[in-house]
2 protein chains.
Amino acid sequence: MSPSRKTYHHGDLRQSVLAAALDVIAAEGPGALSLRDLARRAGVSHAAPAHHFKDRTGLLTAIATEGYDLLAAALAGTPELRERGVRYVRFATEHPAHFQVMFQPDLLRADDPELLAAKERASAELRAGVAGLPDVPDARTAGIAAWSLAHGFATLVLTGNIEAALGDREPEDYFRSLTGLLFTGQLPQKDRS
Amino acid sequence: MSPSRKTYHHGDLRQSVLAAALDVIAAEGPGALSLRDLARRAGVSHAAPAHHFKDRTGLLTAIATEGYDLLAAALAGTPELRERGVRYVRFATEHPAHFQVMFQPDLLRADDPELLAAKERASAELRAGVAGLPDVPDARTAGIAAWSLAHGFATLVLTGNIEAALGDREPEDYFRSLTGLLFTGQLPQKDRS
DNA sequence: GCAGTATCTAGTCAGTGACAAGTTGATGGT
DNA sequence: ACCATCAACTTGTCACTGACTAGATACTGC
């Protein structure tokens with residue numbers, strides 16, 4: 001950002017690197033991420049980012065952690081299950097880089113305490129979505145069904161697999177009508193044999 | 001495999017590299033894939049794989065292509081939509097490496113003709129699943145709903161996000177009962193406000 | 001048995017992640 | 001006012017990787 005730094009310290013390197021990383025991931029995927037490139041963009045030496053994130057995995061773990069907190073915040077305070085699904089999809093489209101990294105465990109340090117804590121916060125919000133449902137015999141399975149539907153839809157949107165069906169509609173709107181189709185019985189309740 | 005080759009030619013390097021690549025990806029993810037490592041495993045020089053796959057992206061594109069054909073074959077000849085979903089999930093658990101690579105577009109050469117052709121063959125099978133459904137007002141949306149559900153479930157299984165709920169049940173069995181829950185109206189048809 | 005081609009080797013280059021050791025600047029205690 | 005301590009950053013280096021080039025070797029059709 002600052003054209004020619006005069007200070008020895010960058011001042012806000014951590015945030016600067018994080019933001020640049022999100023740009024790169026959203027544009028070209030996590031594979032294109034290079035710590036040295038991020039350092040160049042921030043105008044610091046090649047080893048500077050390592051001080052904040054330890055290594056490449058550390059950076060991606062930090063992004064995933066941030067992602068889970070953003071997701072928890074996005075879901076919080078929504079009473080209805082269906083609308084929670086819509087918000088899940090919206091989160092994925094608004095934060096594609098976070099979403100991708102969160103669900104690619106081989107990029108992350110799976111046992112990182114902060115990551116686990118953030119993941120648990122988001123998980124609690126997901127569970128809260130089905131808790132208030134009336135007359136659900138198996139709440140856990142129902143929750144997983146709902147999660148699968150929203151997650152699958154979001155993933156297919158981000159991977160460009162349903163562009164044709166979307167047309168120019170917003171993914172979250174399409175998802176809302178899709179769930180309407182499911183929950184109002186317009187789908188065959190049972191397709192036999 | 002062969003402890004000390006005497007022949008100059010490997011004989012089946014392409015298949016050998018592909019198989020080793022699938023092992024690595026299934027065990028450590030696509031990020032851990034190294035052409036040089038694959039060459040070492042096959043006992044050939046570091047540049048030999050490049051002759052068959054051009055570059056890293058080429059190798060992954062070949063894997064994705066193979067994956068789409070395996071998926072099309074797995075889905076073919078199944079009349080019922082629900083059972084197609086089960087087979088989709090089974091494909092993902094039986095071929096986790098293929099599945100991961102197929103849905104990570106940033107790893108692939110998206111415009112590769114063979115990839116596109118294989119993708120279209122699989123896509124046709126997916127569409128065929130909803131074609132025979134009775135009384136579906138919006139077949140396309142219903143198809144995307146079904147695909148989202150199966151894809152989301154498969155993805156969450158592979159990323160280790162629903163291990164706890166699965167217990168020791170096979171993912172495909174769990175998915176079968178999950179869809180039963182949806183299609184027999186045990187879920188509230190509408191949860192409003 | 002010969003030409004042409006597919007397969008593989010050997011050598012090289014720039015880019016990368018990780019690490020070690022040193023430099024700069026900020027902070028807080030006395 | 002001083003200094004110890006620590007965080008933030010730099011410089012230098014190493015092993016490894018993907019990609020490219022030129023050349024050696026084996027197979028195939030004729």
Side-chain angles (χ1 to χ4, degrees), chain A residues 1-21 23-25 27-64 101 104 106-109 112 114, chain B residues 1-21 23-25 27-64 101 104 106-109 112 114:
Chain A
M1 290 302 169
S2 50
S4 63
R5 270 184 312 115
K6 40 202 162 197
T7 61
Y8 185 87
H9 282 0
H10 178 281
D12 200 13
L13 184 57
R14 186 185 163 94
Q15 283 307 314
S16 187
V17 166
L18 271 177
D23 283 348
V24 172
I25 295 173
E28 309 173 60
L33 204 72
S34 149
L35 291 181
R36 289 176 112 99
D37 179 49
L38 295 177
R40 276 190 293 270
R41 291 176 188 236
V44 294
S45 81
H46 60 101
H51 183 260
H52 294 275
F53 301 104
K54 167 75 178 168
D55 55 16
R56 210 183 109 101
T57 303
L59 168 59
L60 290 165
T61 302
I63 290 177
V101 172
Q104 225 164 317
D106 56 295
L107 298 178
L108 310 175
R109 213 174 319 273
D112 181 271
E114 297 186 30
Chain B
M1 292 303 169
S2 49
S4 64
R5 272 184 310 115
K6 40 200 162 198
T7 62
Y8 185 87
H9 281 3
H10 178 280
D12 201 14
L13 183 58
R14 186 186 163 93
Q15 283 307 314
S16 186
V17 167
L18 270 178
D23 283 348
V24 172
I25 295 173
E28 310 172 60
L33 203 73
S34 147
L35 291 180
R36 290 175 112 100
D37 178 50
L38 296 177
R40 277 189 293 270
R41 291 177 188 234
V44 295
S45 83
H46 60 131
H51 182 261
H52 293 274
F53 301 104
K54 167 74 177 168
D55 54 17
R56 211 183 108 101
T57 303
L59 168 60
L60 290 165
T61 302
I63 290 176
V101 173
Q104 225 164 316
D106 56 296
L107 298 178
L108 310 175
R109 212 172 324 270
D112 181 271
E114 296 187 31

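In what follows, chains carry the letters A, B, and so on, assigned in the order in which the sequence lines appear, proteins first and then strands, with residues in each chain numbered from 1. These figures come from a predicted structure and were not determined experimentally.
- Looking at heavy atoms from C-beta onward, B:H52 lies in side-chain contact with B:L13 at the 4.5 angstrom threshold.
- In this model, the phosphate group of D:dT17 is approached by a side-chain N or O of B:R40 to a distance below 4.0 Å at OP1 or OP2.
- One can place CG of A:D12 at 16 Å from C1' of C:dA26, the figure rounded to the nearest angstrom.
- Atoms NZ (A:K54) and C1' (C:dC19) sit 8 Å apart, rounded to a whole Å.
- Taking atom CG of residue B:L35 and atom C1' of nucleotide C:dG15, one finds them 15 Å apart after rounding to whole Å.
- Rounded to an integer number of Å, the gap from CZ of A:F53 to C1' of C:dC19 is 18 Å.
- By the 4.5 Å heavy-atom criterion applied to side chains, B:L38 and B:L33 are counted as neighbours.
- Side-chain N/O atoms of B:S34 include none lying less than 4.0 angstrom from OP1 or OP2 on D:dC16.
- Of the listed nucleotides (C:dT9, C:dA18, D:dC9), C:dA18 has the atom at the smallest distance from the side chain of A:D55.
- Nucleic acid contact class of A:L59 (heavy atoms, under 4.0 Å, all strands): none.
- Backbone-only contact: A:L33 has heavy atoms under 4.0 Å from sugar-phosphate atoms and none from a base.
- For A:T57 (side chain) and A:R109 (main-chain N/O), no donor-acceptor pair under 3.5 Å exists by modelled atom type.
- Per the geometry, CG belonging to B:L107 stands 13 Å off P belonging to D:dG18, to the nearest Å.
- Regarding B:H46, its NE2 atom lies at a distance of 13 Å from the C1' atom of D:dG23, rounded to whole Å.
- The shortest side-chain heavy-atom distance between B:T61 and B:V101 does not fall under the 4.5 Å cut-off.
- Protein atom NE2 of B:H51 is 13 Å distant from nucleotide atom C1' of D:dA24, rounded to whole Å.
- Per the geometry, CZ belonging to A:R56 stands 10 Å off C1' belonging to C:dT16, to the nearest Å.
- Positionally, the nearest nucleotide of DNA chain C for B:A47 lies more toward the 5' end than for the other of A:A47 and B:A47.
- Looking only at side-chain heavy atoms (C-beta outward), B:D106 and A:I25 stay at 4.5 Å or farther from each other.
- For A:H52, whose side chain is taken as the heavy atoms from C-beta onward, the closest listed nucleotide among D:dC9, D:dT11, D:dA19 is D:dC9.
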